[in-house]
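Input: a single structure, listed below in structure tokens.
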Amino acid sequence: MQWEIVIGLETHAQLATRSKIFSGASTAFGAAPNTQASAVDMALPGVLPVLNKAAVELAIRFGLAIGATVAPRSVFARKNYFYPDLPKGYQISQYELPVVQHGSLSFVSPEGGEKTVRILRAHLEEDAGKSLHEDFHGMSGIDLNRAGTPLLEIVTEPDLRGAKDAVAYARTLHALVRWIGICDGNMQEGSFRCDANVSVRRPGAPLGTRCEIKNLNSFRFMEQAIDYEVRRQIELIEDGGTVVQETRLYDPDRDETRSMRSKEDAQDYRYFPDPDLLPLLIAAADIERVRATMPELPQARRERFQSEYGLSAYDADALTGARESADYFEALVKAGAAEPKLCANWQTGELAAALKRDGLEIAACPVSAAALGGLLRRIADGTLSGKMAKEVFEAMWAGEGAADAIIEARGLKQISDSGAIEKLVDEVLAANARSVEEFRAGKEKAFNSLVGQVMKATKGKANPAQVNEILKRKLGA
Ligand code: ADP
Ligand code: MG
């Protein structure tokens, strides 16, 4: 019998504000411990939180980007628990009335087609501090620099049906929060982290009991952790056991999830409205003001790339992974050197590979869209073969100048003079009588060998399409 996998993701995106959500302390990463912890972040007696307006605006941006309702009135609540890195003894979060409600996000599934995940809510909350267990001789240190950093917790409905889809959704969300400028998306620094809720059931049955895997900070680990957890639950149930609702941690070294604690229920946290903070009121005019600053969204751009430039869904998706990448593509097309499809092939092929190899973001790309356009022009007009173009591209990447200058300096012009090629073909045919005979006897491979000979005689500079055509004509094929 079949099992159906059910996944809901909770994502913590650190909002890109300069100061914290309830204090004026800096949110910059990497400062010496406790140098960015104000009296509010340390929970000294008598202090009061003051809401950071910039964090609210970023939450509104997100709400608009996922077609959600931005609540005209939302409420901050205290989530009570004890932990050394939480000096107040509670986290300020939103519970019953979150600022963003009921949106959705579409993503391109690796299994094919576009899928949509419902986003139940996104709420504002503060991050906790950090416990440091090294360098303290058997004791733990507490760094409160991160305490009070603004987070947006984005919660999906349990709509995802496999690890690969969960990762595709998370990647799309990651691209979106960067695209709209609300989060830097730096996963190593913890700016974007996901918890995966996983359960299994027989198709059509009610939802199974879920386990929550905490703090997945890489897409690869997310996929591995979910795959492991699904296998664990299926084996457990098939062996007659039952899944216990709990919080688990993924250990990438051993590729397994381990129980961390039994899952608290909401009632364990004794949520109640924070009496130190007024309800958050957002007027329609505030929302419109934010709406006026929204960029064209990735989804719209994906669709436009298909309708306006005739790209495939796959190419359109690859090119809209980041706003800078989509901008680069449009600049490349506007350079007017080549068809959009050739532009897309080069950007998602050669250029993407070189960026990856050198660990660069497209914003730091050493070859500008205008410069790449110059190279594509020479492919489109037949000056360069594909192979030569790759050589020129590498030279451009290394800083040797514009495509035309490199072609000139290296003598890389493709031979497209049909008279010259005819002469070469005649010579090759005369010198390779055996291949000619084999070809006439029906051996297809012999033809390729003849093409190879001509290409060799020109050091690869002959236009291969022309060589093919002339050879075929001469052989009467
Ligand atoms: P909590 O706040 O305790 O983590 P929620 O009810 O808010 O619990 O759910 C958190 C996440 O778990 C949501 O993303 C939701 O879609 C997902 N979820 C809920 N039930 C299941 C289930 N049976 N299987 C998988 N995911 C689930
Ligand atoms: Mg949770």
Side-chain angles (χ1 to χ4, degrees), residues 2-13 62 66 68 74-81 90-105 107 115-128 151-170 172-174 192-216 222-223 225-234 236-237 242-250 257 259-272:
Q2 289 274 303
W3 289 99
E4 184 177 50
I5 301 164
V6 177
I7 302 163
L9 288 187
E10 296 167 276
T11 304
H12 290 90
F62 181 72
I66 59 160
S74 63
V75 171
F76 286 99
R78 292 186 178 182
K79 179 177 181 178
N80 299 279
Y81 65 91
Y90 60 85
Q91 176 194 28
I92 304 177
S93 182
Q94 296 188 308
Y95 183 55
E96 276 168 333
L97 291 172
V99 62
V100 169
Q101 304 171 8
H102 304 295
S104 67
L105 186 64
F107 64 94
K115 293 186 181 168
T116 300
V117 172
R118 291 170 299 159
I119 293 176
L120 176 65
R121 55 188 281 152
H123 61 256
L124 284 163
E125 62 182 28
E126 59 178 346
D127 207 346
L151 302 178
L152 191 65
E153 180 173 339
I154 302 157
V155 184
T156 75
E157 297 278 6
D159 287 350
L160 294 153
R161 290 292 172 272
K164 288 203 160 57
D165 273 0
V167 170
Y169 156 80
T172 303
L173 179 65
H174 184 251
F192 187 92
R193 32 191 216 266
C194 296
D195 304 338
N197 293 270
V198 178
S199 66
V200 298
R201 66 172 171 187
R202 301 294 187 188
L207 287 178
T209 304
R210 73 188 148 113
C211 289
E212 180 173 4
I213 315 166
K214 277 275 180 208
N215 276 334
L216 296 164
M222 179 188 292
E223 184 170 340
I226 294 173
D227 280 339
Y228 174 86
E229 183 58 22
V230 165
R231 279 198 308 275
R232 187 188 72 87
Q233 292 185 13
I234 291 176
L236 190 62
I237 299 169
T242 47
V243 176
V244 185
Q245 182 167 331
E246 61 185 356
T247 302
R248 299 178 70 88
L249 272 186
Y250 178 65
T257 62
S259 180
M260 183 171 137
R261 55 170 191 250
S262 67
K263 170 87 191 158
E264 303 83 352
D265 275 324
Q267 64 208 24
D268 298 332
Y269 289 123
R270 292 146 40 236
Y271 279 102
F272 64 89

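Counting convention: from 1, in listed order, for ligands and their atoms alike.
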Worksheet entry | Arg202 to Trp3 six-membered ring, cation-pi geometry met (6.0 Å, 45°) |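 Output yes; distance and angle both within limits.
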Worksheet item: With a distance cut-off below 6.0 Å to the six-membered ring centre and an angular limit of 45° from the axis, does Lys79 pair with Tyr90 as a cation-pi contact?
Response: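 The answer is no; the distance or angle limit is not met.
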Worksheet entry | Nitrogen or oxygen atoms of Pro158 and ligand 1 under 3.5 Å apart |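 N/O-N/O distance under 3.5 Å: yes.
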Ligand 1 atoms in contact with [X] (distance to a heavy atom under 4.0 Å):
X	result
Glu157	16 (O)
Gly208	23 (N)
Thr156	13 (C), 14 (O), 15 (C), 16 (O)
Val155	13 (C), 14 (O)
Leu207	23 (N)

Item to complete: Determine, stepwise, if the pair Arg270 / Asn80 fulfils side-chain hydrogen bond (donor to acceptor under 3.5 Å, both in side chains).
Response: CA-CA 6 Å; Arg270 292 146 40 236; Asn80 299 279; 4.6 Å; no
Worksheet entry | Candidate with minimal heavy-atom separation from atom 11 (C) of ligand 1, of Asn197, Thr11, Val117, Ile119 |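 Residue with the shortest heavy-atom distance to the ligand atom: Asn197.
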Worksheet entry | Asp195 and ligand 1 - part of the residue with a heavy-atom distance under 4.0 Å |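 Under 4.0 Å from ligand 1, Asp195 contributes no heavy atoms.
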Worksheet item: So, for Glu126 and Gln91, which heavy atoms are closest and what is the spacing to 0.1 Å?
Response: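 Smallest heavy-atom distance, with atoms named: O-NE2, 2.8 Å.
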Practice prompt. Please lay out, stage by stage, how Val200 and Val230 fare under the test side-chain contact (heavy atoms from CB on, under 4.5 Å).
Written response: CA-CA 7 Å; Val200 298; Val230 165; 4.2 Å; yes
Worksheet entry | Verdict with supporting geometry, Glu229 and Cys211, side-chain contact (heavy atoms from CB on, under 4.5 Å) | CA-CA 8 Å; Glu229 183 58 22; Cys211 289; 3.4 Å; yes
